[in-house]
Trainee: 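Just passing along the structure, written as structure tokens.
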Amino acid sequence: MADTKTGETTAKHYLELSGVASFYGKIQALNGISLFVDQGEIVTLIGSNGAGKSTTLKSISGLVTPKTGSIHFEGKEITQNPAHINAALGIAQVPEGRRIFPRLTVRENLRIGAFLEKNKKVITERMERVFSFFPRLKERLDQQGGTMSGGEQQMLAMGRALMMKPKLLMLDEPSMGLAPIIVEQIFDIIQQMNQEGMTILLVEQNAFQALQIANRGYVIQTGDIVLEGPCQDLLSNQQVRSAYLA
Ligand SMILES: Nc1ncnc2c1ncn2[C@@H]1O[C@H](COP(=O)(O)OP(=O)(O)OP(=O)(O)O)[C@@H](O)[C@H]1O
Ligand SMILES: [Mg+2]
């Protein structure tokens, strides 16, 4: 939010996007979106193919630099920060399609997540925490990432992000391509992580499931936020029901 008297930007929320416009060359993907996430919340961003969900997450993590607008995290402006700076500030993104390293083992994939941490004891503690959420990963430490099932690869991608000990975890379509029972497990774990204090921004095309576990939601359509509110309201909204819950 811009302060008209001083010209300085201020932010009231843990994560706050104000009028963010992002481009790929000449293609405008975000038309000036505003949204916020408070500490301890699960917020979901839903929308169909090409709406701008991934671009929103990339703009926050620093993989895409917004052309206009501002992004604040914990009161600090991070709009122009490169991704490695935002990672160090505690923003982790689990990318669409997992993007684990297929030829590296589960252990190696997890260690890459802790690349900023040099202390071996701390790394071991973080791994134990990852195993508390995903016991399967502990059983498969020496397996190559690429030979894991889709659900296991999603767990590995989430585990890798947890190895950063993030403050804000952003998940880009974690349910994509997974069987309903696995989706349920993944969503249960997202809720557990949240109960342990992690703030979560969840991007989903699977609107029904996402609205079940989140506190608040935003609907994005061709680069604009068109609806927002508590998830109960969105679940009963006629527009949402016909477009995303059919
Ligand atoms: N690297 C890129 N170069 C050019 N255009 C891009 C690039 N990435 C995304 N876009 C365009 O930006 C718009 C938003 O894409 P984005 O990936 O953010 O959508 P999305 O909501 O994540 O879609 P999906 O559900 O399919 O993942 C789309 O029109 C897309 O074609
Ligand atoms: Mg996407």
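Just so you know, ligand 1 is whichever comes first in the structure, and atom 1 is the first atom listed for that ligand. A quick note: this is a predicted structure, and the numbers were derived from the prediction, not measured. We number each residue from 1, following the sequence as shown.
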Trainee: Nearest protein heavy-atom contact for atom 28 (C) of ligand 1: which residue, which atom, what distance?
Mentor: G50 O, 3.6 Å
Trainee: Would a 4.0 Å cut-off, counted as strictly less than, catch a protein heavy atom around atom 18 (O) of ligand 1?
Mentor: yes
Trainee: Give me the residue, atom name and distance of the protein heavy atom closest to atom 25 (O) of ligand 1.
Mentor: K53 NZ, 2.7 Å
Trainee: What do you reckon, does A51 have a nitrogen or oxygen under 3.5 Å from a nitrogen or oxygen of ligand 1?
Mentor: yes
Trainee: What atoms of ligand 1 come within less than 4.0 Å of a heavy atom belonging to T55?
Mentor: 14 (C), 15 (O), 16 (P), 18 (O)
Trainee: Between Q143 (side chain) and T147 (backbone), is there a donor-acceptor pair under 3.5 Å?
Mentor: yes
Trainee: Is atom 13 (C) of ligand 1 near the protein, in the sense that some protein heavy atom lies at less than 4.0 Å from it?
Mentor: yes
Trainee: Do L89 and N86 touch side chain to side chain, with heavy atoms closer than 4.5 Å?
Mentor: yes
Trainee: Judged by atom type as modelled, is there a donor-acceptor pair below 3.5 Å linking the side chain of K53 to the main-chain atoms of S48?
Mentor: yes
Trainee: How far is atom 27 (O) of ligand 1 from the closest protein heavy atom, and which atom is that?
Mentor: E96 OE1, 2.9 Å
Trainee: With sequence neighbours excluded, what pairs up with D233 under the side chain to side chain contact (heavy atoms under 4.5 Å, CB included) test?
Mentor: P230
Trainee: Enumerate the atoms of ligand 1 whose separation from the nearest heavy atom of Q205 is less than 4.0 angstrom.
Mentor: 25 (O)
Trainee: What I'd like to find out is whether the side chain of R107 reaches to under 4.5 Å of the side chain of D142, using heavy atoms alone.
Mentor: yes
Trainee: Output the list of atoms in ligand 1 that are nearer than 4.0 Å to some heavy atom of S54, sorted by atom number.
Mentor: 17 (O), 18 (O), 20 (P), 22 (O), 27 (O)
Trainee: Listing by chain and number, what protein N/O/S atoms are under 2.8 Å from the Mg ion (ligand 2)?
Mentor: S54 OG, E96 OE1
Trainee: Around atom 4 (C) of ligand 1, find the nearest protein heavy atom and jot down its residue, atom name and distance.
Mentor: Y24 CB, 3.4 Å
Trainee: Just do the side chain to side chain donor-acceptor pair (under 3.5 Å) check on Y24 and T55 with the steps written out, would you?
Mentor: CA-CA 9 Å; Y24 297 99; T55 306; 2.8 Å; yes
Trainee: Could you list the residues that satisfy salt bridge (charged side-chain N to carboxylate O under 4.0 Å, His left out) with E152, not counting sequence neighbours?
Mentor: R136, R140
Trainee: So do I189 and F134 actually touch side chain to side chain, heavy atoms under 4.5 Å?
Mentor: yes
Trainee: Quick one: look at K58 and ligand 1, take heavy-atom pairs under 4.0 Å, and tell me if it's side chain, backbone, both or neither.
Mentor: neither
Trainee: Report the residues that fulfil side chain to side chain contact (heavy atoms under 4.5 Å, CB included) with E128, sequence neighbours left out, ordered by chain and then residue number.
Mentor: F131, K138
Trainee: What about G52: any of its N or O atoms under 3.5 Å from an N or O on ligand 1?
Mentor: yes
Trainee: Is the Lys NZ or Arg CZ of R216 less than 6.0 Å from the centre of F36's six-membered ring, within 45° of the axis?
Mentor: yes
Trainee: Between E125 and K121, does any side-chain N to carboxylate O distance fall below 4.0 Å?
Mentor: yes
Trainee: For S48, take its heavy atoms, then give the atoms of ligand 1 lying under 4.0 Å from any of them.
Mentor: 21 (O)
Trainee: As an exercise, identify every atom of ligand 1 less than 4.0 angstrom from a heavy atom of E173.
Mentor: 24 (P), 25 (O), 27 (O)
Trainee: Among all the protein's non-hydrogen atoms, which is closest to atom 26 (O) of ligand 1, and how far away is it?
Mentor: N49 ND2, 2.8 Å
Trainee: Nearest 0.5 angstrom please: L168 CG to I91 CD1, how far?
Mentor: 5.5 Å
Trainee: Could you walk me through whether Q154 and R98 pass side chain to side chain donor-acceptor pair (under 3.5 Å), step by step?
Mentor: CA-CA 6 Å; Q154 183 60 42; R98 294 53 145 164; 3.2 Å; yes
